[in-house]
A.B. asks: 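My questions will all concern the structure given below.
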Amino acid sequence: MNKTNAEIARMLRMISYLLDMSETKSKKTNFKNRAYNTAAEKIDNLSISMEDLYKSEGIKGLLSIPSIGKAIASKIEEFINTNEIQYYNQLRSELPLDIEFLELKGIGPKTLKSIYDKVVIKNIEDLEKAAIEGKIRDIPGFSQKKEESILKKIKNYKDCRNRFPIGEIYPFVKQIERYLSEIKGVKKAITVGSFLRMKDTIRDIDYLVASNDPQKVIETFVNMSEVKQVLGKGSSKAFVKLNNGMNSDLLVVPDESYGAALLYFTGNKQHGINLRKIASSKNLKLNEWGLYDKSKGIKIAGETEEEIYAKLGLEWIPPEMRENKGEIELSKTETYKIYNSGENKISQLIGYEDLKGDLQVHTNNTDGKMSIEQMVLYAADFGLEYIAITDHTKSLKIARGLDEAQLLNQANKISQLNDNIKTDNFFTDLIKGEVRNNNYKNLKNFRILSSAEVNILKDGSLDISNNILDKLDIVGAAIHSSFSLPIETQTKRLVDTALNPSVDIIFHPTGRIINKRDGYPVNIPKLVEVAKDTKTILEVDAAYERLDLKDDHIKIAIDNGVKIAIDSDAHHPLQYVFLKFGIGQARRGWATKKDVINALPVQEMLNNLKQG
DNA sequence: GCCGTTTTCGGCCCGACTGTTTTCAGTCG
């Protein structure tokens with residue numbers, strides 16, 4: 001049981017695929033398979049769980065999702081209740097092909113059907129074997145060249161690691177972006193796609209370049225040393241596989257099409273489709289080259305995104321919000337004007353320069369790499385005004401967690417440092433050889449907060465008592481063990497923590513590590529409800545392998561009036577840069593500056609805590 | 001199969017690249 005949205009979407013997508021394979025030229029079937037595919041995409045982008053929706057509201061809940069009608073809703077219901085869809089079984093009894101073909105890019109249902117009709121295959125292994133044995137080249141419509149290309153595509157499928165955490169590839173992606181921007185004649189070069197939308201993980205890296213010499217840019221791109229294989233190229237586009245296994249696409253357009261191309265290539269796909277539908281309804285046509293007036297046959301916009309959105313009756317939408325989750329409705333100029341008298345999300349979204357403090361920072365007193373003083377120095381250098389020192393507590397043995405005496409000792413030291421920081425020469429010794437810019441002038445007003453990342457035990461209690469915690473400026477708590485308890489127990493551990501009057505923030509609430517572990521199960525709406533009642537802050541841990549809370553959870557939290565903190569979880573000064581990824585997730589969750597507690601100056605932030 | 005400010009029928013986003021199709025189907029994003 002417990003069907004994820006991804007599993008449901010995959011089933012619908014495979015139904016679409018099988019319908020496409022078995023389609024008799026009739027147009028009706030053609031649109032039927034598209035309907036299944038559209039429903040699958042919709043579900044993939046949904047912020048709520050279909051199963052939860054079904055359990056709380058029944059089939060009516062499913063029908064409330066656009067693109068899901070009676071027929072598809074009843075199949076989802078069947079899948080949730082019986083773990084099967086008879087319609088799918090029936091299709092598969094006619095075409096017994098493994099669902100993995102969905103992930104084999106470049107070979108679609110039509111190609112596969114032509115092969116299937118002549119050679120018995122069931123899965124990708126069979127297909128590879130048939131190609132190696134030369135059984136495909138003689139099928140009508142195929143050739144030796146096509147057979148070779150099938151083998152290449154299978155190799156690509158096997159090589160491809162699914163998705164990379166955004167922070168892991170960030171420097172590499174930016175390096176190529178800089179390289180492209182330095183090609184002679186290039187006016188602009190930018191990384192677009194899910195990277196620009198700040199998705200937590202990235203599959204493909206897409207670049208957009210504005211230049212009047214596309215051939216030169218394309219040749220330079222496909223000949224970079226980072227390129228392992230050229231998958232295709234034409235007069236405006238190129239597709240390559242990079243050495244790290246990722247696919248990368250390049251689109252080159254003239255300056256006057258830059259905005260249209262940026263809009264098209266940033267996505268997401270459904271956002272783009274909806275914009276093109278709006279264009280169509282206004283007798284306009286939108287593509288990657290511009291916005292055109294159909295009746296007059298002339299281009300009316302294209303150089304900037306803003307002018308295109310404006311001509312469609314919309315305010316500009318930040319890339320992080322372009323996920324087809326209601327942002328188009330929100331940006332309609334009429335809606336916008338009403339809201340904008342006070343509270344429009346789009347104009348108030350938390351910005352990349354808005355954080356004033358960082359509420360989770362570690363030092364070499366436990367598992368961090370540097371001292372409090374060094375972490376402070378670099379934080380000031382980074383432009384922050386305060387940090388909380390949140391070393392682990394005693395029951396987390398692996399990090400040499402602090403006991404009560406050590407914790408109080410550290411708090412005393414921090415208190416002294418706060419006094420000394422105001423004197424002119426205090427950091428002189430430390431600064432020697434470490435100064436990178438002149439932000440140290442901010443140091444005098446810098447505030448160090450005593451804190452801890454208190455360990456939540458299996459029964460939901462903490463490993464440090466409240467009378468000790470109350471001596472700290474701010475308290476964070478987190479789960480680091482017993483991940484496999486059932487959802488009710490895990491939720492109760494976090495709810496009990498939120499109910500604890502000494503705990504201000506719950507750190508990385510779901511415990512996920514991207515590509516390594518899913519995290520423990522948590523009833524997020526329930527936790528959010530208690531957090532709201534108790535004024536507990538939920539963290540967005542910005543370390544790129546965590547990004548926890550994730551975007552959809554952030555949206556649930558702030559929609560319910562819960563404040564978030566965006567923290568780096570830095571164990572080294574260079575890790576303050578992680579804050580960028582946390583802010584990206586917060587923007588994806590539509591968080592405004594007001595929703596983020598550490599966008600406040602230190603005293604206001606403290607005043608807004610539970611006991612503040 | 002889904003949808004509706006042209007609402008229960010008749011539409012359904014748009015264009016680049018590939019292969020071998022001399023005018024297009026398949027696939028992708």
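Each chain gets a letter, A, B and so on, in the order the sequences are listed, and its residues count up from 1.
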A.B. asks: So what does I68(A) touch, heavy atoms closer than 4.0 Å: a base, only the sugar-phosphate, or nothing?
C.D. replies: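 Sugar-phosphate, backbone atoms only, no base.
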A.B. asks: Under the side-chain contact (heavy atoms from CB on, under 4.5 Å) criterion, do E41(A) and Q270(A) qualify, and how do the steps go?
C.D. replies: CA-CA 8 Å; E41(A) 291 216 358; Q270(A) 204 56 47; 3.7 Å; yes
A.B. asks: Run the side chain to side chain contact (heavy atoms under 4.5 Å, CB included) test against D293(A) and tell me which residues pass, sequence neighbours left out.
C.D. replies: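 Partners of D293(A) under the side chain to side chain contact (heavy atoms under 4.5 Å, CB included) test: L284(A), S295(A), K296(A), I298(A), I300(A).
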A.B. asks: Quickly work out the L91(A) CG to dG1(B) P distance and round it to whole Å.
C.D. replies: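 Computing the L91(A):CG to dG1(B):P distance gives 11 Å.
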A.B. asks: With rounding to whole Å, what would you report as the distance between dG26(B) and dT21(B) at their P atoms?
C.D. replies: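 That atom pair is separated by 15 Å.
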A.B. asks: In whole Å, measure the gap between the P atoms of dT20(B) and dG15(B) for me.
C.D. replies: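 To the nearest whole Å, 26 Å.
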A.B. asks: Which residue pairs pass the ring pair (Phe, Tyr, Trp, His ring centres under 6.0 Å) test with at least one member in residues 250-283 of chain A, sequence neighbours excluded?
C.D. replies: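 As it turns out, there is no ring pair (Phe, Tyr, Trp, His ring centres under 6.0 Å) pair with a partner in residues 250-283 of chain A once direct neighbours are skipped.
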A.B. asks: Separation of I150(A) atom CD1 from dT18(B) atom C1', in whole Å?
C.D. replies: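 Taking atom C1' of dT18(B) as the reference, CD1 of I150(A) is at 13 Å.
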A.B. asks: Hey, can you pull the residues of residues 69-77 of chain A with a non-hydrogen atom under 4.0 angstrom from DNA chain B?
C.D. replies: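 Residues of residues 69-77 of chain A that come under 4.0 Å of DNA chain B are, in numerical order, G69(A), K70(A), A71(A), I72(A).
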A.B. asks: Sticking with atom C1', work out how far dC13(B) lies from dC2(B), rounded to a whole angstrom.
C.D. replies: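 16 Å, rounded to whole Å.
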A.B. asks: Say you pick atom C1' in dG1(B) and the same atom in dT5(B); how far apart are they, in whole Å?
C.D. replies: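 It works out to 24 Å between them.
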A.B. asks: Would a 4.5 Å heavy-atom cut-off, applied to side chains only, mark T266(A) and R197(A) as touching?
C.D. replies: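 Answer yes - side chains close enough.
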A.B. asks: Which of the following nucleotides, dC14(B), dG1(B), dC3(B), is nearest to the side chain of A35(A)?
C.D. replies: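 That would be dG1(B).
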A.B. asks: Identify each atom pair where a protein N or O and an N or O of nucleotides 20-23 of chain B are less than 3.5 Å apart, giving names and distance.
C.D. replies:
unit_1: dT20(B); atom_1: OP1; unit_2: S143(A); atom_2: OG; d: 2.7

A.B. asks: Determine the interatomic distance between P on dT6(B) and the same-named atom on dC12(B); round to the nearest Å.
C.D. replies: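 Between the two P atoms, the distance is 16 Å.
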A.B. asks: What I want to find out is whether D200(A) reaches R512(A) closely enough, with some N-O distance under 4.0 Å, to be called a salt bridge.
C.D. replies: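 A salt bridge is present here (some side-chain N lies under 4.0 Å from a carboxylate O).
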A.B. asks: Would you call E51(A)-K3(A) a salt bridge at under 4.0 Å N-O?
C.D. replies: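 No.
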A.B. asks: With centres under 5.5 Å and planes under 30° as the test, does F239(A) stack with dC17(B)?
C.D. replies: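 Whether judged by distance or by angle, F239(A) falls short somewhere, so it does not stack on the base of dC17(B).
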A.B. asks: I'd like to know if D117(A) and K113(A) make a salt bridge, using a cut-off of under 4.0 Å between side-chain N and carboxylate O.
C.D. replies: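 Judged by the 4.0 Å cut-off on N to carboxylate O distance, D117(A) and K113(A) do form a salt bridge.
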A.B. asks: Does G108(A) or L286(A) map to a spot on DNA chain B nearer the 5' end, using the closest nucleotide for each?
C.D. replies: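 Nearest nucleotide further toward 5': that of L286(A).
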A.B. asks: S280(A): which residues meet the side chain to side chain contact (heavy atoms under 4.5 Å, CB included) condition with it, sequence neighbours left out?
C.D. replies: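 S280(A) satisfies side chain to side chain contact (heavy atoms under 4.5 Å, CB included) with K294(A) only.
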A.B. asks: Would K122(A) and V120(A) count as a side-chain contact (heavy atoms from CB on, under 4.5 Å) here? Give the steps.
C.D. replies: CA-CA 7 Å; K122(A) 186 171 155 299; V120(A) 182; over 6 Å; no
A.B. asks: In this structure, how many angstroms lie between the P atom of dC28(B) and the CD1 atom of I107(A), rounded?
C.D. replies: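 Whole-Å distance recorded here is 9 Å.
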A.B. asks: Can you tell me if K228(A) and N244(A) form a side-chain donor-acceptor pair at under 3.5 Å?
C.D. replies: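 Judged by distance alone, the side chains do not pair up.
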A.B. asks: In residues 287-324 of chain A, which residues come under 4.0 Å of DNA chain B by heavy atom?
C.D. replies: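 Of all residues in residues 287-324 of chain A, the ones placing a heavy atom under 4.0 Å from DNA chain B are N287(A), E288(A), W289(A).
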A.B. asks: How about D518(A): does its CG atom have over 12 heavy atoms from other parts shown lying under 6.0 Å from it?
C.D. replies: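 No, the 6.0 Å shell around CG holds no more than 12 heavy atoms from other groups.
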A.B. asks: Specify the residues of residues 268-277 of chain A, ordered by number, for which at least one heavy atom lies under 4.0 angstrom from an atom of DNA chain B.
C.D. replies: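 Residues of residues 268-277 of chain A under 4.0 Å from DNA chain B: K269(A), I273(A), R276(A), K277(A).
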A.B. asks: Between the protein and nucleotides 4-9 of chain B, which nitrogen or oxygen pairs come in under 3.5 angstrom?
C.D. replies:
none

A.B. asks: Is dT8(B) paired to anything, Watson-Crick or G-U wobble with both distances less than 3.5 Å, and if yes, which nucleotide?
C.D. replies: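 No nucleotide pairs with dT8(B).
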A.B. asks: Whole-Å distance between dT18(B) P and K152(A) NZ?
C.D. replies: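 To the nearest whole Å, that distance equals 11 Å.
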A.B. asks: Does anything in residues 230-237 of chain A reach DNA chain B, meaning a heavy atom under 4.0 Å, and if so which residues?
C.D. replies: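 Contacts with DNA chain B under 4.0 Å: G232(A), K233(A), G234(A), S235(A), S236(A), K237(A).
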A.B. asks: L19(A) CG to dC2(B) P: how many Å, rounded?
C.D. replies: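 Spelled out: CG on L19(A) to P on dC2(B) is 12 Å.
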A.B. asks: Applying side chain to side chain donor-acceptor pair (under 3.5 Å), can you list everything that pairs with K135(A), at least two apart in sequence or on another chain?
C.D. replies: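 With neighbours one apart ignored, the set is E133(A).
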A.B. asks: Could you check how far OH of Y17(A) sits from C1' of dG26(B), rounded to whole Å?
C.D. replies: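 My rounded result for the distance is 11 Å.
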A.B. asks: For the pair made of CG in N33(A) and P in dG26(B), what is the distance, rounded to whole Å?
C.D. replies: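 Taking CG of N33(A) and P of dG26(B), I get 12 Å after rounding.
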A.B. asks: Determine whether L242(A) and V227(A) satisfy the following criterion, side-chain contact (heavy atoms from CB on, under 4.5 Å), listing intermediate values before the conclusion.
C.D. replies: CA-CA 4 Å; L242(A) 299 170; V227(A) 172; 4.2 Å; yes
A.B. asks: For K187(A), I'd like to know if atom NZ has over 12 heavy atoms of other residues, nucleotides or ligands within 6.0 Å.
C.D. replies: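 Check passes, neighbour count above 12.
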A.B. asks: Rounded to whole Å, how long is the line connecting atom CD1 of I278(A) with atom C1' of dC12(B)?
C.D. replies: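 Atom CD1 in I278(A) sits about 16 Å away from atom C1' in dC12(B).
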A.B. asks: For E219(A) and K233(A), run salt bridge (Lys or Arg N to Asp or Glu O under 4.0 Å): C-alpha distance rounded to whole Å, both residues' side-chain angles, the deciding distance at 0.1 Å, then the answer.
C.D. replies: CA-CA 9 Å; E219(A) 282 310 311; K233(A) 61 173 175 165; 2.8 Å; yes
A.B. asks: Per the ring pair (Phe, Tyr, Trp, His ring centres under 6.0 Å) rule, what does the pair list look like for residues 168-212 of chain A, sequence neighbours excluded?
C.D. replies: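 Every pair satisfying ring pair (Phe, Tyr, Trp, His ring centres under 6.0 Å) with a residue in residues 168-212 of chain A: Y170(A)-F195(A), Y170(A)-F581(A).
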A.B. asks: Give every donor-acceptor pair under 3.5 Å between a side-chain atom in residues 88-97 of chain A and any protein atom, sequence neighbours left out.
C.D. replies:
unit_1: N89(A); atom_1: ND2; unit_2: E84(A); atom_2: OE2; d: 3.4
unit_1: R92(A); atom_1: NE; unit_2: L97(A); atom_2: O; d: 3.2
unit_1: S93(A); atom_1: OG; unit_2: Q90(A); atom_2: O; d: 2.6

A.B. asks: Check the pair I524(A) / D552(A) against side-chain contact (heavy atoms from CB on, under 4.5 Å), numbers first and verdict last.
C.D. replies: CA-CA 10 Å; I524(A) 293 287; D552(A) 292 339; over 6 Å; no
A.B. asks: Ion pair present between E128(A) and K158(A), side-chain N to carboxylate O less than 4.0 angstrom?
C.D. replies: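 Here E128(A) pairs with K158(A) in a salt bridge, since their nearest N and O are under 4.0 Å apart.
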A.B. asks: Counting heavy atoms not belonging to K188(A), are there more than 12 under 6.0 Å from its NZ?
C.D. replies: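 Atom NZ in K188(A) is crowded, with more than 12 foreign heavy atoms closer than 6.0 Å.
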A.B. asks: Taking atom C1' in both dA16(B) and dG11(B), compute the distance separating them and give it to the nearest angstrom.
C.D. replies: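 Nearest-Å result for dA16(B) against dG11(B) at atom C1': 25 Å.
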